Protein chains: 2
Amino acid sequence: MVKRPADPANGSAPAARQVPMRDFSRSLPMSLLRAREAVMRQFRPSLREHGLTEQQWRILRALAAIEAVEVTELARTAFLLGPSLSRILRDLEARNLVERKTAKADQRRSMVSISKEGVKLMASVAPTSEAIYAEITRRFGARKLAELQEMLGALEQSLAELGASEEASAEE
Amino acid sequence: MVKRPADPANGSAPAARQVPMRDFSRSLPMSLLRAREAVMRQFRPSLREHGLTEQQWRILRALAAIEAVEVTELARTAFLLGPSLSRILRDLEARNLVERKTAKADQRRSMVSISKEGVKLMASVAPTSEAIYAEITRRFGARKLAELQEMLGALEQSLAELGASEEASAEE
DNA sequence: CGCATTCACTTAACATGTTAAGTATCTCCC
DNA sequence: GGGAGATACTTAACATGTTAAGTGAATGCG
């Protein structure tokens, strides 16, 4: 039933394979993608029942902990790009889940906060969400989970500087 | 400079917070998302220079190892949903990077394979890609990397069964 | 055989990811 | 104080993610 990708007898291989790439399915990006999908698959149905997407939920959660934030900082917190956040805030504002007012001191900035309705919605979603998280923790093991998170953080750290040194290859 | 999310003195908190959610930024989905983004940020520029997106590259890599596959199996391998794959294949075919022909035995199925041009393109991208992967491995440590991948796989396993048992809450 | 089901995709519709441009506001420095 | 440059978003354009519906081809079963 399992169709293996013809790994043996590749003898008459198509010449150009000088650099035999790692088995694709075991690359780090794929591992991370699959793991994340496995996790999110658990949450999506519940969020969907409440009319929220994953990203909208991220924004509400980020807002719940504070009084108000600038859009840019919210983008950093919720790990969304500016354009995505712009669109989502427009929609969340239309649904009265968040509020927005331009900062007095700087007309460019706008301060975003969660509305009462937003808080209410969160309260209705949070229990299920926490239950799912608890079940995941139970299945995988709290200690292993903490370990995993630590490694993920370390990985981020390892690559943080790498991304910043983008000179020397001036493309334009 | 660091604007902490007002965690103390939440005394006059907005009532509805019966379920105090974990610190948002430390949730598993966020950790996975950030880690993956940190990794992909390294690859994207190189792929872009070759006119490929991350997903297109995934498809080519998946195809490189085999003679031909059905679309459905390719979707599983490259971890893409059917609709995404449909669109991307249409484009890759237009660019002559992949080829497609309907299976003789079953007119519904179409077999996809990488073209000569596709192989050539891969050969031109692979070296850089492997170099980046090597650098990531060097920075993070080969052993830690293997450990991380193992944990990610275990996490997937833990949640695999959970997702399958979707009865008992018949929504429709 | 005939027809309802299932299967393997493809289209459609809407939301987000990603990069580049655009717009309004602010800052700084001459 | 005025204009160049930096900032904080927002729009635009294209690609993908996600779910639902559509289409044509096989299958199963009476």
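Predicted model only: the values in this text are computed from it and were never measured. Labels below follow one simple rule: chain letters A, B, ... track the order of the sequence lines, proteins then strands, and each chain is numbered from 1.
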(message) If the condition is side chain to side chain contact (heavy atoms under 4.5 Å, CB included), which residues does B/Gln157 pass it with, not counting sequence neighbours?
(response) none
(message) Counting only side-chain nitrogens and oxygens, does B/Gln107 get under 4.0 Å of the OP1 or OP2 atom of C/dC7?
(response) no
(request) Measure from CG on A/Leu80 to C1' on C/dT19 and round the result to the nearest Å. (result) 16 Å
(request) Could you tell me which residues satisfy side-chain hydrogen bond (donor to acceptor under 3.5 Å, both in side chains) with A/Glu156, sequence neighbours excluded, listed by chain and number? (result) B/Arg34
(message) So if I take every side-chain heavy atom of B/Arg44 and compare against D/dT18, C/dT16, C/dT19, which nucleotide ends up nearest?
(response) C/dT19
(message) Going by side chain to side chain contact (heavy atoms under 4.5 Å, CB included), name the residues that satisfy it together with B/Ser86, two or more places apart in sequence or in a different chain.
(response) none
(message) Whether B/Thr53 contacts D/dT16 is assessed here as follows: a side-chain N or O lying under 4.0 Å from the phosphate OP1 or OP2. Is that the case?
(response) yes
(message) From CD1 of A/Ile59 over to P of C/dT16, roughly how many Å is that when rounded to an integer?
(response) 8 Å
(request) Write down the distance between CZ (B/Arg34) and P (C/dG17), rounded to a whole number of angstrom. (result) 15 Å
(request) Grab the CD-P distance between A/Gln55 and C/dC14 for me, whole Å please. (result) 18 Å
(request) Ignoring hydrogens and angles, tell me if any N or O in the side chain of A/Arg58 forms a donor-acceptor pair with the backbone of A/Ala78 under 3.5 Å. (result) yes
(request) Scan B/Leu80, B/Ile59, B/Leu97 and name whichever one has a side-chain contact (heavy atoms from CB on, under 4.5 Å) with B/Leu89. (result) B/Ile59
(request) Would you indicate, yes or no, if D/dT19 has its OP1 or OP2 atom less than 4.0 angstrom from a side-chain nitrogen or oxygen of A/Arg48? (result) no
(request) Using the salt bridge (Lys or Arg N to Asp or Glu O under 4.0 Å) rule, collect all pairs that involve residues 96-105 of chain B, keeping only residues at least two apart or in two chains. (result) B/Glu93-B/Arg100
(request) Mind calculating the distance between CD1 (A/Ile88) and C1' (D/dT10) to the nearest angstrom? (result) 14 Å
(message) According to salt bridge (Lys or Arg N to Asp or Glu O under 4.0 Å), who are the partners of A/Arg76, at least two apart in sequence or on a separate chain?
(response) A/Glu73
(request) Could you state the atom-to-atom distance from CG of A/Leu81 to C1' of D/dA12 in whole Å? (result) 15 Å
Protein-nucleic acid N or O pairs under 3.5 Å, nucleotides 2-5 of chain D:
none

(request) Go through the structure and list residues passing side chain to side chain contact (heavy atoms under 4.5 Å, CB included) with A/Gln149, not counting sequence neighbours. (result) A/Tyr133, A/Leu145, B/Leu28, B/Ser31
(message) Whole angstroms only, please: what is the CG-P distance between A/Leu52 and D/dT18?
(response) 16 Å
(request) Give the rounded distance in Å between these two atoms: CD of A/Glu49 and P of D/dT18. (result) 18 Å
Under 3.5 Å, which N/O atoms of the protein pair with N/O atoms of nucleotides 8-11 of chain C?
residue: C/dA8; atom: OP1; partner: B/Arg109; partner atom: NH2; Å: 2.6
residue: C/dC9; atom: OP1; partner: B/Ser110; partner atom: N; Å: 3.1
residue: C/dC9; atom: OP2; partner: B/Thr72; partner atom: N; Å: 3.2
residue: C/dC9; atom: OP2; partner: B/Thr72; partner atom: OG1; Å: 3.0
residue: C/dC9; atom: O5'; partner: B/Thr72; partner atom: OG1; Å: 3.1
residue: C/dT10; atom: OP1; partner: B/Arg100; partner atom: NH1; Å: 2.8
residue: C/dT10; atom: OP2; partner: B/Ser86; partner atom: OG; Å: 2.6
residue: C/dT10; atom: O5'; partner: B/Ser86; partner atom: OG; Å: 3.3

(message) For B/Glu37, give me all partners under side-chain hydrogen bond (donor to acceptor under 3.5 Å, both in side chains), at least two apart in sequence or on another chain.
(response) B/Arg44
(message) Nearest heavy atom decides the nucleotide; on that basis, is B/Lys104 or A/Glu37 closer to the 5' end of DNA chain D?
(response) A/Glu37
